[in-house]
Amino acid sequence: MAYSISSPSLGERVQTNRNADAPYVRTLEKIMLLEDRITAEIDRLVNLKTEMLAAIEDMENTEEKLLLKYRYFEGHTWEEIAVRMSVSIRTVHRIHGSALQNFVVPV
């Protein structure tokens, strides 16, 4: 018996489990799905940023345009904006209020 190999019994059925994928396959699928969602959200936000910049560029007042760009796209503080624009903080807030009144939100 040590020198012979027995043939398989053809009557036996091998059970397969369709969910027998390696455990990491589902995790990889979830990661790919999340990456797709993140990419779509990034695309949406880039488009929104482009629309907002275009709306700011359409504004008539140069000081208002500059202030909105400094604050919302470059992230400067009110104090930094005041220094950059060579005005007081009070004037920065006045220009900001006016800019918000004159800004037309893109549809």
### Summary
CZ (Arg84) and NE2 (His76) are apart, to the nearest 0.5 Å, by 3.5 Å
### Task
Answer with yes or no whether the hydrophobic clustering places Val87 together with Val83; edges join I, L, V, M, F, W, Y residues whose side-chain heavy atoms lie under 4.5 Å apart.
no
### Message
Heavy-atom count check: over 12 atoms from other residues, nucleotides or ligands less than 6.0 Å from Glu60 CD?
### Response
no
### Query
Would you find more than 12 non-hydrogen atoms of other residues, nucleotides or ligands less than 6.0 Å from Gln101 atom CD?
no
### Query
Got Lys49 and Tyr72 here, is their nearest side-chain heavy-atom distance under 4.5 Å?
no
### Message
Tell me if a side-chain donor or acceptor on Lys65 pairs with a main-chain N or O of Ile56 at a distance below 3.5 Å.
### Response
no
## Note on the structure
Sorted by chain and number, sequence neighbours left out, side-chain hydrogen bond (donor to acceptor under 3.5 Å, both in side chains) with Thr50 holds for none
### Message
Using the rule that Ile, Leu, Val, Met, Phe, Trp and Tyr join whenever any side-chain heavy atoms are under 4.5 Å apart, tell me whether Val105 and Leu67 fall into a single cluster.
### Response
yes
### Any Glu64 side-chain heavy atom under 4.5 Å of Phe103 side chain
no
### Message
Once rounded to the nearest 0.5 Å, what's the spacing between atom CD of Glu63 and atom CG of Asn61?
### Response
5.5 Å
### Query
Mind checking whether Met59 and Leu68 have side chains closer than 4.5 Å, heavy atoms only?
yes
### Salt bridge Arg44-Glu41, side-chain N to carboxylate O under 4.0 Å
yes
### Query
If you group Ile, Leu, Val, Met, Phe, Trp and Tyr by side-chain heavy-atom gaps below 4.5 Å, do Val46 and Ile38 land in one group?
yes
### Task
Calculate, to the nearest 0.5 Å, the distance between atoms CG and CD1 belonging to Leu100 and Ile95 respectively.
12.0 Å
### Query
When the ring planes of Trp78 and His93 are compared, do they come out parallel, tilted or perpendicular, using 30° and 60° as the limits?
tilted
### Message
The criterion is side-chain hydrogen bond (donor to acceptor under 3.5 Å, both in side chains); which residues satisfy it with Ser86, sequence neighbours excluded?
### Response
none
